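Report on the following structure.
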Amino acid sequence: MAFTEVVAWSVILGLSLMLVGGLVLWAYGARRAHATVVAAGPEAEATRNFHLNLVRWFFVYGVLVIVAGAALLFWSGSIFF
């Protein structure tokens, strides 16, 4: 594979990772801002805790994917320049 092909694919992959991470963070923000009334009871509390943990992991995943995409872009830029 030629040198420019590696740089081009790295840029494409980095941008796509940043797009996916941004969409995940967007979904995280929409879910976090969405306030629902939860009925009382142990099942409702367990469901609320599960959704809070799920939203937290979506945030972590989104941030990690954006960081990986940015790192790939910086790496390809350092190779190219």
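Side chains are part of it too, since the values below use all heavy atoms of this structure and drop only hydrogens, waters and symmetry mates. Everything numeric here is computed off the predicted structure, so don't read it as measured data.
To the nearest 0.5 Å, the span separating CD1 on I79 from CZ on F74 amounts to 14.0 Å.
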Could you give the side-chain donor-acceptor pairs of residues 11-25 under 3.5 Å, partners two or more places apart or in another chain?
unit_1 : atom_1 : unit_2 : atom_2 : d
S16    : OG     : I12    : O      : 3.2
S16    : OG     : L13    : O      : 2.8

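Linking ILVMFWY side-chain heavy atoms closer than 4.5 Å, directly or via other members, places V67 and F59 in a single hydrophobic cluster. Put simply, I66 and V63 are part of the same group of oily side chains (I, L, V, M, F, W, Y) that touch within less than 4.5 Å, one to the next.
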